[in-house]
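Below: one structure, written as structure tokens.
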Amino acid sequence: MNKNEILRQIPSVDTILNWPEITDYASNISNLYLADLVRKIVDEFRKKIGAGKDLKIADLKSDILNQLKELTEPYFCYAINGLGIILHTGLGRAPFARGIDNALFSVAQGYSRLQIDDEGRRADRYQKINLLLQILTGAEGGIIVNNNAGATLLILNELAKGREVIVSRGQLVEIGGSFRIPEIMAQSGAIMREVGTTNRTHLRDYESAINENTAAILRVHQSNYQIRGFTKEVSLTELIQLGKKYNLPVIDDLGSGALVDLSKYGLPKEPLIQESIKAGADIVCFSGDKLIGGPQCGIIIGRDKYIKAIKKNPLTRALRCDKLTNVALEATLRVFLLPEQEIVKEHTVFKIILKPLNLIKKQAARCARILKKKFGKRLEARVRSDFSETGGGSLSTEQLPTYIVAVRVKKISVSQLARRLRRYRVPVFGRISEDEYILDFRTILPGEEKIIIKAFEEILGNE
Ligand SMILES: *Cc1c(COP(=O)(O)O)cnc(C)c1O
């Protein structure tokens, strides 16, 4: 069919609005927006035809229906992580601990208690989180802000605006998503005073950089990289002694930080938050959604005088967390009040990190067996050992052993399979490796294999 014929065939916007598939959407979207949207898509379609694209009226229809579907269906939703990266920013970083769903549901019912006391007076919204942080970390006080990048910005702005902060060249980290120490430092108004070299920094390097304009010493955890070979780092304890000698606060940016020592379970040691406080760090900050396993936020703890000063900083208001963050973090921190053997049962991130290999293997084997049984010769599914990652700059570069199911489907390509699974009602995310579709069963939660099988059934139904 030629260009002009197709152009003549394009129905009017009013006609399109009466297509039964379109009127189905009438209860979800006002005609006001619907008509504009259809008009816009029709215009784009005309332009494409004008540019010589070979399209049919059926393509116009599917363009409109796809856009309506995208607009009216939720994008933020429960999804399955078959990628094997435990803290995956694209998948919401930390999966919440047990019980947080109820806490979130409770505040979603109507109004909620956020910053009002038993006498009906305006209260401090940080009070409860502060109490939990005091108990769990031993710090004099605590406060939360939007994320750890915000926490670092705020701390540096409050303690060191217009003055110097000493930091080792080995700790000038960049975290994915454009968090870079030198840039945060510049934004905060503090002046970065780099000392040492990439691989070696000595105590004397810090000491000789101290002058009358020095405001603080900063230590940053090398979250997502390691420096190996001929290296030297100054310990936190030594930095604290130096800080005491010159009356300078020591700031410890832990990145992830941990409240439970995972080295007891044979994993590498992530710095413990309570150990930084015990060692005498004046201010410690870390993320709420890395190993803490809560909502996105930046947690700042430390000496009362600094927390009080930070609360008065105008940036604190700009970086303030809302009720959803507060309720989710409160519920997460309450999990850490439990005895440790209970924490590792309730806390989803720890459960995934400590998931026994034989359990992973069993879950993977079950999934592969059912897929093979259901699809026979149409599909191949093999169980293999592999490695998962912690991600999110925690436990650094550690790889955790795991089991995967590698799938190959006869009729469709791996990329098509992956795409269809991503677009399933419960989106399933797996990775593609050469000509195989890979699902890592460390991050697939118990019972989710049933959803995956259902997804395969619906997706491959008639292939
Ligand atoms: C992850 C990380 C940050 C940034 O934390 P967000 O909560 O993602 O903003 C800052 N510093 C270090 C050392 C980190 O590892």
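All ligand and atom numbering here is 1-based and tracks the order in the structure.
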Q: Verify, without hydrogens or angle tests, whether His347 (side chain) and Phe350 (backbone) share a donor-acceptor contact under 3.5 angstrom.
A: yes
Q. Closer than 4.0 angstrom: is that true for some heavy atom of Thr152 and an atom of ligand 1?
A. no
Q: May I ask which of Asn146, Leu87, Asn148, Leu153 has a heavy atom nearer to atom 4 (C) of ligand 1 than the others do?
A: Asn148
Q: State whether Glu340 and Lys264 are salt-bridged, where the test is any N-O pair (Lys NZ or Arg NE/NH1/NH2 against Asp/Glu carboxylate O) under 4.0 Å.
A: yes
Q | Arg408 NZ/CZ over Tyr437 ring centroid, <6.0 Å and within 45° of normal | A | no
Q. What atoms in ligand 1 come closer than 4.0 Å to a heavy atom of Ser223?
A. 12 (C), 13 (C), 14 (C), 15 (O)
Q. Ligand 1 versus Asn224, non-hydrogen atoms closer than 4.0 Å: side chain, backbone, both, neither?
A. neither
**Q.** Ion pair check, Lys311 and Asp124, cut-off under 4.0 Å
**A.** yes
Q: Would you check if the side chain of Ser287 reaches a backbone N or O of Lys290 as a donor-acceptor pair within less than 3.5 Å?
A: no
Q: Report the part of Ile175 (side chain from C-beta onward, or backbone N, CA, C, O) that has a heavy atom under 4.0 Å from ligand 1; answer both or neither where that applies.
A: side chain
(Q) I'd like to know if Lys290 contacts ligand 1, where contact means a heavy-atom distance under 4.0 Å to any ligand atom. (A) yes
Q. In ligand 1, which numbered atoms sit nearer than 4.0 Å to a non-hydrogen atom of Asp253?
A. 10 (C), 11 (N), 12 (C), 13 (C)
Q. Does the N or O separation between Asp289 and ligand 1 drop below 3.5 Å for any pair?
A. no
Q.
What I want to know is whether His221 and ligand 1 share at least one N or O pair that is separated by under 3.5 angstrom.
A. no
Q: State, yes or no, whether a side-chain contact exists between Ile404 and Phe441 at a heavy-atom distance under 4.5 Å.
A: no
Q: Indicate yes or no: does Lys245 engage Glu207 in a salt bridge with an N to O separation below 4.0 Å.
A: yes
Q. At the 4.0 Å heavy-atom cut-off, does Arg93 count as touching ligand 1?
A. yes
Q) Counting only heavy atoms, which portion of Ala149 has something under 4.0 Å from ligand 1: side chain, backbone, both, or neither? A) both
Q: Keeping the roles fixed (side chain from Glu436, backbone from Ala406), state whether a donor-acceptor pair exists under 3.5 Å.
A: no
Q | NZ/NE/NH1/NH2 to OD/OE distance under 4.0 Å, Lys269 and Asp261 | A | yes
Q. Which ligand 1 atoms, with their elements, are less than 4.0 angstrom from a heavy-atom of Val220?
A. 13 (C)
(Q) Only heavy atoms of Ser287, strictly under 4.0 Å: list the atoms of ligand 1 that pass. (A) 5 (O), 6 (P), 7 (O)
